[in-house]
Amino acid sequence: MNWQANKKLPLKFYQRELHKVAKELLGKFLVRKTGKNILAGRIVELEAYDGSTDRASHSYNGITKRNQVMFEGGGKLYVYFTYGMHFCANVVTGGLNEGKAILIRAVEPVEGIEIMKFNRYGKKEITSEEIQNLCNGPGKVCRAFGINREHNGMDLTGEEIFITGSGRLKEELIKTSERIGIKKSVDLPWRYYISDNQFVSKTSAGKRRI
DNA sequence: CCACGGATTGGCT
DNA sequence: GCCAATCCGTGGA
């Protein structure tokens with residue numbers, strides 16, 4: 001996969017309408033540089049959150065200590081900690097004080113897979129099943145990429161964490177569904193994923209989420 | 001001040 | 001399919 005030929009997305013990419021950005025992020029590459037290591041994965045599943053109308057969004061009740069990065073304008077990384085053990089990473093979109101962000105739910109491992117294996121399982125020899133499970137969930141992506149609270153608020157046009165790619169997927173490859181794991185505003189069809197991709201998230205029973 | 005529960009995951013009653 | 005793990009932000013008193 002020729003991801004390195006792609007250019008880093010500019011600030012303007014992120015400072016646009018939430019759902020437009022979400023759909024265009026599908027198929028692009030999340031990249032993290034750490035020391036001499038490069039980790040990269042193709043984005044295959046996302047969810048949009050919009051504090052102005054969406055009661056499931058962390059930003060729905062206005063600015064707090066946790067969600068303030070969501071209000072700092074498009075192009076920032078919003079990382080939060082949940083369930084006492086997991087981090088989740090979001091791409092902030094739109095303008096200042098809009099409170100809109102996109103949760104990265106799954107990526108297909110592309111580069112630095114040995115490091116991802118070690119980050120997730122503490123070893124470099126894993127089964128093919130474990131490779132499928134490397135980055136197919138929001139907590140797993142952060143674990144595999146080593147993303148944690150230190151990265152909250154990071155600038156996505158910087159040198160450590162960024163997204164590359166160009167063009168957009170054909171509309172027929174983009175699927176939409178209700179979002180996963182929320183209890184409010186459950187009917188909004190704001191989950192976007194690539195059709196028939198084996199790296200979209202799985203249920204605890206191991207079935208792919210369609 | 002304190003109790004609640006979560007944009008999850010993995011293991012097993 | 002069901003549930004425990006394990007923090008800490010958030011909101012109500």
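Proteins get letters first, then strands, A, B, ... in listed order; numbering begins at 1 in each. All values below come from the heavy atoms of this structure, side chains included, with hydrogens, waters and symmetry mates left out.
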Pairing of R32(A) and E160(A) as salt bridge, 4.0 angstrom limit: yes
Spatial distance of atom CD (E72(A)) from atom CD1 (I63(A)) [nearest 0.5 Å]: 8.5 Å
Sequence-distant partners of Y80(A), ring pair (Phe, Tyr, Trp, His ring centres under 6.0 Å), two or more places apart: H58(A), Y78(A)
Outermost nucleotides of DNA chain C that come under 4.0 Å of a non-hydrogen atom of chain A: dC2(C) to dG11(C)
Per-nucleotide protein contact string for nucleotides 5-13 of chain B (B base, S sugar-phosphate only, - none; heavy atom under 4.0 Å): -BBBSBB--
For F87(A), ring pair (Phe, Tyr, Trp, His ring centres under 6.0 Å) partners two or more places apart: F81(A)
Consecutive-pair stems (3 or more, Watson-Crick or G-U, under 3.5 Å) for DNA chain B: B:1-6 with C:7-12, B:8-12 with C:1-5
Exercise: do K33(A) and N37(A) side chains pair donor with acceptor under 3.5 Å: no
Polar side-chain atom of S185(A) near backbone of R55(A) as donor-acceptor pair, under 3.5 Å: yes
Atom C1', compared across dC3(C) and dG5(B): separation rounded to whole Å: 15 Å
Sugar-phosphate only, base, or nothing, as touched by R191(A) at under 4.0 Å among non-hydrogen atoms: nothing
cation_pi(K175(A), Y193(A)) dist<6.0 Å, angle<=45: no
More than 12 heavy atoms from other groups under 6.0 Å of CZ on R179(A): yes
Reported CG-to-OG distance for the pair N6(A) and S166(A), which is rounded to 0.5 angstrom: 5.0 Å
Salt bridge (charged side-chain N to carboxylate O under 4.0 Å, His left out) contacts touching residues 13-25 of chain A (sequence neighbours left out): R16(A)-E24(A), K23(A)-E171(A), E24(A)-R168(A)
